[in-house]
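Computation of the quantities below employed the complete heavy-atom set of this structure, encompassing side-chain atoms and omitting hydrogens, waters and symmetry-equivalent molecules. Just so it is clear, the model here is predicted, and its values are computed rather than measured.
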Amino acid sequence: MSNLWKIVQEKYSPELNRRYETIFTLANGYRGLRGFNEFSQIDERGNFIAGVFDKAAAPVCELVNCPDPIDIRFFVDNEVCDLDCLPVNHFKRYLDIRAGTLNTEIEVEIKKKKLEIKTQRFVSRNDVHRWTAEYCIRPINFSGKITVESMIDGDVTNGSYDPSNRIRHYQVKERVDLKPGLAMQVFTIDNNIEIVESSLITCDRSDEQFINSRKYKEYGDVIGEVCDLFVTKGESYSICKYGVTFTSRECKGNVLNSAKNNLEKFTEDGFECEKKSHQSVWDNIWAMSDIEIEGDDKAQRGIRYNIFQMSSSAYEKDPCVSIAAKALHGEGYKGHVFWDTEIYLLPFFIYTYPEVARALLLYRYNTLAGARKNAELHHCRGARFPWESASDGVEETPKWKADSKGNVVRIWTGDEQYHISADIAYAYYEYNRAVRDELFLKQYGAEIFLDTALFWQSRVEYNKAEDRYEINKVIGPDEFHLHVNNNVYTNYLAKWNLRKASEIAAWLENKDSEFYKKLLKKLKIRKEDIAGWTKITEKIYIPMSKNSKLIEQFEGYFNRKDFVVSEYENNGMPVWPEGVDKDHPDETQLLKQPDVVMLLLVLGEEFDLETKKTNYEYYEKRCMHKSSLSPSMYSIMGLKVGDTRNAYKYFIKTVYTDLEDNQGNAAKGLHVASNGGSWQCAVFGFGGMSIDQNEILNFNPWLPDVWSRLSYKIIWRGYRLNVDVFSDKIVFLSEADISIKVSFKEYKIKKNERKEVKLTGKIKED
Ligand code: BGC
């Protein structure tokens with residue numbers, strides 16, 4: 001297997017265990033198993049099942065860290081194989097992203113006895129309830145007894161590295177000896193969600209003796225089965241641990257029996273059989289989503305890792321869950337879902353796996369009841385989606401947090417970061433634009449559009465003196481500036497949301513007036529409301545600089561102290577300009593992440609090139625990139641306006657967010673939005689793809705010098721389009737007849753015909 005499909009850890013360093021647990025997490029959308037190294041006890045292990053949330057005594061609802069099914073120990077002469085206590089002669093771990101497996105190779109010495117263990121673990125994409133690990137063990141210079149102890153650990157807590165917030169979110173009810181095999185049944189504290197973890201170990205050789213020696217153990221909330229294996233020097237033995245998980249969320253029958261039956265079948269099927277099916281699912285995913293970058297191994301490996309983890313974080317069968325900011329890869333942000341999903345991740349799924357995009361959108365539809373409650377709490381009508389969401393759509397952003405000096409600080413994002421409601425409406429629009437799924441728009445999208453429009457209608461304030469509508473006391477995407485008035489991103493998206501809602505209302509009335517009437521009744525929308533939306537869109541305030549196309553991020557932004565970034569760290573990231581009080585960046589014009597530039601990207605077709613250029617030039621110099629969501633967007637906008645200097649630097653930053661831990665907190669979980677940002681950089685940035693006002697695909701690519709070829713694929717309106725970019729030409733292969741534009745000139749592509757278009761290298765608009 002080529003190195004371009006591998007993420008390798010060559011050296012064992014216990015202090016990096018927690019970071020590698022995130023990087024090596026295996027997930028399938030149903031669950032995520034952190035890449036816990038079973039030969040060390042220095043860990044922050046995690047077993048997260050999508051949708052299993054609990055609050056109990058925690059400040060807010062959080063994704064439950066469920067019982068750990070992986071735990072396994074190997075003993076030679078009763079001494080445990082532990083990398084932190086023994087001489088380690090060989091160590092290597094790698095993620096095979098092509099095949100979706102995590103591989104570990106070690107050789108340790110236990111009282112001079114050399115033992116080699118090679119393991120392979122995967123979380124099945126074929127049957128999402130299954131995971132397994134194979135351990136090939138070889139006594140190098142001894143014959144004797146090896147003891148294997150396989151456990152299910154029901155004593156796992158959330159917050160194991162945060163003593164004051166440590167909490168166990170479930171209670172163990174049944175500990176079952178399956179003879180052979182283990183099962184543990186637990187229930188979450190608040191909602192009584194039942195979770196069953198089951199596992200079983202087998203050995204390929206001397207099976208009878210292995211089975212006969214088996215003993216079942218209970219140590220409080222930890223259960224185990226222990227087997228002895230008598231080994232001969234130089235020979236190899238394969239031990240397999242099979243694991244099956246079910247919860248009452250998806251299993252309407254007897255959860256314990258479902259787990260038991262599936263486990264039995266799984267052991268019959270065997271490791272290799274499941275692996276084959278698992279890999280064929282990955283084959284399909286890669287066939288549709290792989291991006292090839294020739295000439296740059298670092299970028300190639302990195303982009304594949306990003307695609308791998310993004311694809312691992314969702315699946316199409318559960319419309320009641322979404323992708324958390326840390327995906328299923330860690331406890332950071334408590335498993336909550338942010339705008340990251342709709343604005344950063346969704347494009348990848350829309351264009352490579354629309355069924356997943358649909359499920360992610362349905363999660364918002366299915367949490368509308370919570371969003372309506374949030375609106376009510378804010379004395380508004382309609383639906384106000386939460387800034388941080390868990391299972392039911394009510395606001396989950398913690399109100400308080402302790403800063404590094406122990407001061408208790410109020411968190412305002414849950415109260416003020418309103419733009420997410422429009423972001424979600426926008427996501428429905430983007431999906432429909434690419435997929436053309438009118439039934440979906442009618443059944444689900446229309447309700448989202450109308451109910452969010454209703455929210456904006458009740459949230460705007462009319463300023464009589466200025467004869468304009470305003471939205472005051474908000475936080476825009478740039479979280480350095482709180483309680484601001486008329487943030488442009490928020491106002492413009494609210495305006496867009498209201499305008500589109502009116503259009504969709506007219507469309508729906510025309511298409512199915514009965515359905516439309518029922519919907520208006522359900523949402524308590526009057527005809528006058530809809531007329532009011534048009535008035536608001538005409539008069540909502542968008543602050544601009546007086547004499548140029550420069551947009552003012554919010555009212556009064558230009559009056560804040562002006563600092564410009566002029567120095568960069570070795571890693572290319574900005575240094576705080578001299579004189580800035582880092583505790584009060586809000587007093588300055590410095591930004592945490594793009595805000596105006598974000599607007600110009602999200603609603604790109606509404607703004608001309610000069611506006612984009614002017615604002616990119618102004619805001620790029622003032623951005624501190626203190627969020628992993630930031631660099632990718634400047635990379636893309638730079639390319640759009642012809643400033644290619646930073647594009648590659650910001651792209652690599654984004655792609656390597658977790659692999660190089662450049663935010664310093666990879667241990668807490670994946671920065672999955674940067675996975676989406678990486679894909680967008682490759683396709684919308686370097687690949688130059690955009691959609692114009694007439695809904696025609698445009699291509700305006702640019703490649704860094706070292707790249708000889710960039711290749712990607714998309715699905716546009718049900719048909720696949722392959723795009724191959726070279727420095728001087730772009731080559732298309734489409735499954736259907738299609739019109740596209742390259743450098744703003746129109747071309748017709750015939751079905752299944754290879755079409756080559758020369759590139760002029762100039763960025764210009766009609
Ligand atoms: C960013 C937000 C983002 C959140 C979760 C914050 O640091 O400012 O834009 O949604 O992280 O990723």
First locate atom OG of S13, then atom CZ of F91, and finally report the distance between them rounded to the nearest 0.5 Å. 8.0 Å
Quick test of your reading of the model: are D269 and R130 salt-bridged, counting only N-O distances below 4.0 Å? yes
Considering only NZ, NE, NH1 and NH2 on the basic side and carboxylate oxygens on the acidic side, decide whether R168 and D155 come within less than 4.0 Å. yes
Flag the pair R249 and D318 as a salt bridge only when some basic side-chain nitrogen lies within less than 4.0 angstrom of an acidic carboxylate oxygen. yes
Check whether D54 reaches the backbone of E62 with its side chain - one donor and one acceptor, N or O, closer than 3.5 Å. no
Between D82 and R73 (salt bridge meaning N to carboxylate O under 4.0 Å), is one present in this structure? no
D228 and R214 ion-paired at < 4.0 Å: no
Indicate yes or no: does R31 engage E197 in a salt bridge with an N to O separation below 4.0 Å. yes
Can you confirm if the NZ or CZ of R18 lies within 45° of the ring axis of Y161 and under 6.0 Å from the centre of its six-membered ring? yes
Hey, is R205 close enough to E235 for a salt bridge, meaning N to O under 4.0 Å? yes
On the 0 to 90° scale, with breaks at 30° and 60°, tag the F266-Y242 ring pair as parallel, tilted or perpendicular. perpendicular
Salt bridge present between R175 and D221 (N-O < 4.0 angstrom): yes
Could you tell me whether K241 sits above the aromatic face of F271, with NZ or CZ closer than 6.0 angstrom to the six-membered ring centre and within 45 degrees of the axis? no
Is E79 salt-bridged to K113, cutoff N-O under 4.0 Å? no
Are any of the side-chain nitrogens in D43 or R45 under 4.0 Å away from the carboxylate oxygens of its partner? yes
